[in-house]
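Single-structure report; data block below.
Every number for a ligand or one of its atoms is a count from 1 in the order of the listing. Throughout, residue positions are numbered sequentially from 1 according to the sequence presented.
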Amino acid sequence: MILAVSTLKNPSSPADGYRGRFAPSPTGPLHAGSLVAALGSWLDARKNGGKWLLRIEDLDAPRCIPGAVQQIQAQLVACGLSWDEELTHQSQRQDHYQRALERLNELKLIYPCACSRQAIANTLAGLGIKTPRNQEMVYPGTCRSHSLETNSPELLKTSKAAWRLALPQNCHIEFEDLVLSHQDQDLNIEVGDFVLRRNDGIFTYQLAVVVDDALQGITHIVRGADLLGNTARQIHLQKVLGYHTPQYLHLPLVLDEHGEKLSKQTLATQINTQDEKHALAELRKAALHLGLNHLPDGESITIAEWLLAATRAWR
Ligand code: GLU
C-alpha cells in the first residue's frame, strides 16, 4: 500500500503572499464612504498581486438589513471590484469564535460580567470619571476578580452574561500604520477589559474580526480610519491568541457637510451603479478621495480600463 504523504500547508497562511479583504456589515447598501474602503483595499491588493476577499460581517443580526448583502455584491460587481475565493458570512462561522473564546478561557483570560451600561456609568461617576458623549466608557473592572479562573466549558456555552477579556496590567500597544505612521494606545486607560461575547450571545466585532483575519490568512488590512481606534484591541487579541498581526492601512474618511462620517445613521445615500457610466462616476469620486488625481477622465473608457490605470497609479 502506498501512503500519500502530503505536506499540507495551511491554505491561507501569510507565507502565500498578500491577502487583503473588504468586510462590510450589511446594514445597508454601499455609500460613498464604504466605496472608498472597498476601492482602496481592492487597489492595494491588486497592486501587490494579492488576493482580495469579501467577508460579510453580519453577526449583529438586529442591525442587518434584508437584501443588503445582495445589494453590496451587485454594487461591487457593477464597479468591477471582483473578489477572490468564496464569499464568507460571519453568521456562519460562530464555531470558530466559540473556539477562540474557549481558548481564552483555558488561558484564564476571560470572565463573565453582569454590569449594565447604567451600572458602569454609575461606577465611573462614583470614581469621578466623566465619559464625553460619543465616546465609549472605559470598563472599570467591576466584575473582574483578583485571580481569574478557568470557567467550566458548560458555563461558557450557556451563560447569559457578557464575557470580557482581562487585560494585563501593562497593555500599551504600538503599531505602524502605512498611512498614519506610528500609533499607540494604552488599552487599560482608553478601553478597559472589553467584551468578546455580549449578554445576548452575539460575538463582538473585535473577536470575530481577529479570528477571521487570522483564519483567512489576511496579511493586509486596508479600511476606513473610523476603525483606527479598534486596532490596538485587535492587535492585543492577536497576540494572546497566538496569531500573526497583519499590516494596517487606514484610509481617510468621507465626511458629510456637517463633518460627520457617512453612515446609515447619518442617512448616507447609496452609490448609484445603475449603469457603467454612473458606476464609473462613483469610482472616480472615490479615487479622488484616495488622492488619485491624475486618472483618465475620458467618456469612452471602460471600468476595467479605468481600474487598470488606477491600480498602476496606486502607491
Ligand atoms: N464590518 C466593519 C464595518 O463595516 C468593517 C470591519 C473591518 O474592516 O475591520 O465597518
Side-chain angles (χ1 to χ4, degrees), residues 18-45 50-65 68-69 71-73 75-76 81 83 87-94 96-97 100 134 136 173 175 177-180 183 185 194 196 198 202-238 241 243-255 260-266 268 270-271 286 290:
Y18 187 116
R19 290 173 66 84
R21 57 30 163 217
F22 176 52
S25 306
T27 52
L30 298 181
H31 50 69
S34 34
L35 182 62
V36 164
L39 178 63
S41 57
W42 188 91
L43 288 174
D44 203 53
K51 293 252 175 10
W52 189 70
L53 277 54
L54 178 59
R55 178 202 305 148
I56 302 298
E57 301 210 328
D58 56 352
L59 282 179
D60 197 349
R63 288 186 60 232
C64 297
I65 303 290
V69 177
Q71 277 178 305
I72 291 171
Q73 288 185 81
Q75 289 171 310
L76 291 173
L81 303 179
W83 56 94
L87 170 75
T88 49
H89 287 79
Q90 287 192 323
S91 55
Q92 291 162 15
R93 297 172 57 80
Q94 316 261 357
H96 295 292
Y97 316 135
N134 300 332
E136 280 175 70
I173 304 291
F175 64 98
D177 184 274
L178 284 174
V179 167
L180 304 169
Q183 301 292 314
Q185 191 177 39
F194 54 95
L196 301 178
R198 301 186 338 201
I202 295 182
F203 291 100
T204 61
Y205 160 62
Q206 309 295 352
L207 180 67
V209 81
V210 163
V211 170
D212 284 341
D213 285 335
L215 296 188
Q216 295 186 306
I218 299 301
T219 59
H220 290 71
I221 295 182
V222 177
R223 61 186 181 188
D226 53 325
L227 295 162
L228 182 66
N230 296 287
T231 307
R233 264 170 274 189
Q234 293 168 16
I235 291 176
H236 177 64
L237 258 179
Q238 287 152 6
L241 285 165
Y243 298 152
H244 166 84
T245 290
Q247 179 72 59
Y248 286 94
L249 190 165
H250 289 90
L251 301 167
L253 283 187
V254 180
L255 304 176
E260 301 269 349
K261 164 182 114 85
L262 292 191
S263 68
K264 229 186 98 256
Q265 288 79 2
T266 60
Q270 69 181 82
I271 53 165
L290 290 167

Is the shortest distance from a Lys or Arg side-chain nitrogen in [X] or [Y] to a carboxylate oxygen in the other one below 4.0 Å?
X    : Y    : answer
R55  : D213 : yes
R233 : E136 : yes
R21  : D212 : no

Sorted by chain and residue number, the side-chain hydrogen bond (donor to acceptor under 3.5 Å, both in side chains) partners of Q73 (sequence neighbours excluded) come out as none

Measure and list all N/O to N/O distances between ligand 1 and the protein that fall under 3.5 angstrom.
residue: ligand 1; atom: 1 (N); partner: A23; partner atom: O; Å: 2.7
residue: ligand 1; atom: 1 (N); partner: S25; partner atom: OG; Å: 2.9
residue: ligand 1; atom: 1 (N); partner: E57; partner atom: OE1; Å: 2.7
residue: ligand 1; atom: 4 (O); partner: S25; partner atom: N; Å: 3.2
residue: ligand 1; atom: 4 (O); partner: S25; partner atom: OG; Å: 3.2
residue: ligand 1; atom: 8 (O); partner: R21; partner atom: NH1; Å: 2.7
residue: ligand 1; atom: 9 (O); partner: R21; partner atom: NH2; Å: 2.9
residue: ligand 1; atom: 9 (O); partner: Y205; partner atom: OH; Å: 2.7
residue: ligand 1; atom: 9 (O); partner: R223; partner atom: NH1; Å: 2.8

task = Kindly determine whether Q247 and T219 satisfy side chain to side chain donor-acceptor pair (under 3.5 Å), including the steps that lead there.
result = CA-CA 6 Å; Q247 179 72 59; T219 59; over 6 Å; no

**Asked** Going through the distances and angles, do Q234 and Y243 end up as a side chain to side chain donor-acceptor pair (under 3.5 Å)?
**Response** CA-CA 10 Å; Q234 293 168 16; Y243 298 152; over 6 Å; no

